[in-house]
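Working notes, structure below.
Indexing begins at 1, ligand by ligand and atom by atom, following the structure's order.
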Amino acid sequence: MKILGIETSCDETAVSVVNGEGENVEVLSNIVSSQVEIHKEYGGVVPEVAAREHVLSILPVVDDALVEAGINKRNTKKHIDAIAVTIGPGLITSLKIGIETAKVLSYAWNIPVVPINHIEGHIYANWISKKNETQNSNVKFPIIILTVSGGHTMIVLMRDYGDFEILGETRDDAAGEAFDKAAKMMDLGYPGGPIISANSEKLRETPDAFEIFQKENKLNFPRPMMYSKNYEFSFSGLKTAIRYQLEKDKDWKNKILEYCFEFQQAIIDVLIYKTIKAAKEYNVKTVMLAGGVSANKELRKQLEEVVKTKVSNVSFQIPDFKYTTDNAAMIASAGYFRARKEEFVDWRDLKVDCNLELGK
Ligand code: KG4
Ligand code: ZN
């Protein structure tokens, strides 16, 4: 079953064609036109600017995705079974461009549409086949998914395809947002996650400096809500902690690597602790990682290690690196699992919902 996915919820204009079969999804094309260079200047995404860029990029990106997938545009109906489009959550003006495009294509090509929740898309990135692997036939339910992006941080219990329960969310900043804000405080640029991650890596790779840091770490940032009884998170206190510390420390510019490392580790510690706690409480068979922050190398590595040691009968699943941050292959993948249950809507009923909740 072939699905064309469209994703425009934030600052990436993305279109992809995937082929779903059984429990596996193969990517035939995956085009992402990123606006990151444009928004860098402002230190974050400017909704009005993002929407204008989507308008300009969407049709060329659709065209590239069809060409790359080898699909004849004069006979689309023969090759594409459904169009999957992100309807929320996200920026309303950005989402609308993807949705209107899906409507037009559905109308013109006479192909059904499946509305997709962006977070659900991130989760289904885990079903995209990795090279030389037919891995996903062994993903077993129930699953705990640590879902971490720029807008969301949640622990999700997935009992079956399409059956999601949010066990806990962040009360304030999302993990990715915390990375972005901390990077901004240190004048490191946007988006902050990859920069903080690279700087932490640099410290780890400098043996002397890393040894000294481990012995004399004076930063000791808090691990907010780590031992709270629920699955909620809060990262705004961590942001305040780094701000105060930077203000107090006249020499902070010479300790950027240390600040990045400790900040990243504080976030990782909380995320991992709660994920493992949920995996035990719900007696799951699989632990998964999803969302833009799942690109973080240390988070991927450390969570895998802890799953192995603390819940050794549970399997661990992460999305291929290139499907971690926003893309349309993940939306098409989610679309496949809904399309095979024929969860289509008429193009006239396709509506944006910028606060759409997972599982609703
Ligand atoms: O999922 P995503 O692409 O967009 C949203 O749905 O929000 O996530 C973007 C977020 C940004 O906050 C970015 O800083 C963060 O993911 N991110 C990372 C890394 N790569 C991207 N955070 C930590 N480490 C990374 N390597
Ligand atoms: Zn996202």
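- Listed by number with element, the atoms of ligand 1 under 4.0 angstrom from any heavy atom of Thr325 are 3 (O), 21 (C).
- In terms of protein heavy atoms, atom 15 (C) of ligand 1 is closest to Val293 CG2, 4.0 Å.
- Clustering ILVMFWY residues whenever any of their side-chain heavy atoms sit less than 4.5 angstrom apart, transitively, puts Met186 in the very cluster that holds Phe221.
- In Lys285, the NZ atom is not crowded: 12 or fewer heavy atoms of neighbouring residues, nucleotides or ligands sit closer than 6.0 Å.
- Counting heavy atoms closer than 4.0 Å to ligand 1, residue His118 contributes side-chain atoms (C-beta onward) but none from N, CA, C or O.
- By the 6.0 Å contact criterion, NZ on Lys96 is open, its count of non-hydrogen atoms from other residues, nucleotides or ligands being 12 or less.
- When the shell of 6.0 Å around CD of Glu21 is examined, it contains 12 or fewer heavy atoms from other residues, nucleotides or ligands.
- Geometrically, ligand 1 and Gly176 share a nitrogen or oxygen pair separated by less than 3.5 Å.
- By the 6.0 Å and 45° rule, Lys341 does not stack over the aromatic ring of Tyr161.
- Protein N/O/S atoms closer to the Zn ion (ligand 2) than 2.8 Å number 3 in this structure.
- Side-chain atoms of Arg338 never come within 3.5 Å of backbone atoms of Tyr336 as a donor-acceptor pair (strictly under, hydrogens ignored).
- Among Asp11, Asp326, Asp180, the residue whose heavy atom lies nearest to atom 13 (C) of ligand 1 is Asp180.
- Nearest-heavy-atom check against atom 26 (N) of ligand 1 across Val45, Val148, Thr324, Asn296 picks out Asn296.
- Closest of all the heavy-atom pairs between Lys277 and Ser228 is NZ-O, 3.2 Å.
- Within the listing of ligand 1, atoms 7 (O) sit less than 4.0 angstrom from a heavy atom of Gly151.
- Tyr273 meets the ring-ring contact (aromatic ring centres under 6.0 Å, His included) test with Tyr227; sequence neighbours excluded.
- In this structure, Lys77 places its NZ atom where more than 12 heavy-atom neighbours from other residues, nucleotides or ligands lie under 6.0 Å away.
- Contacts with ligand 1 closer than 4.0 Å are made by no heavy atom of His152, backbone or side chain.
- Regarding atom 22 (N) of ligand 1, its nearest protein heavy-atom neighbour is Gly193 CA, 3.3 Å.
- For the pair Gly292 and ligand 1, the shortest N or O to N or O distance falls below 3.5 Å.
- Applying the 6.0 Å contact sphere to OH of Tyr107 captures no more than 12 heavy atoms from other residues, nucleotides or ligands.
- Contact annotation: Gln264 has no heavy atom less than 4.0 Å from any atom of ligand 1.
- Between Phe210 and Phe261, a ring centre-to-centre spacing shorter than 6.0 Å is recorded.
- When only non-hydrogen protein atoms are considered, atom 10 (C) of ligand 1 lies nearest to Gly150 N, 3.5 Å.
- Counted by atom type alone, Thr86 and Glu7 present one or more donor-acceptor pairs between their side chains at under 3.5 Å.
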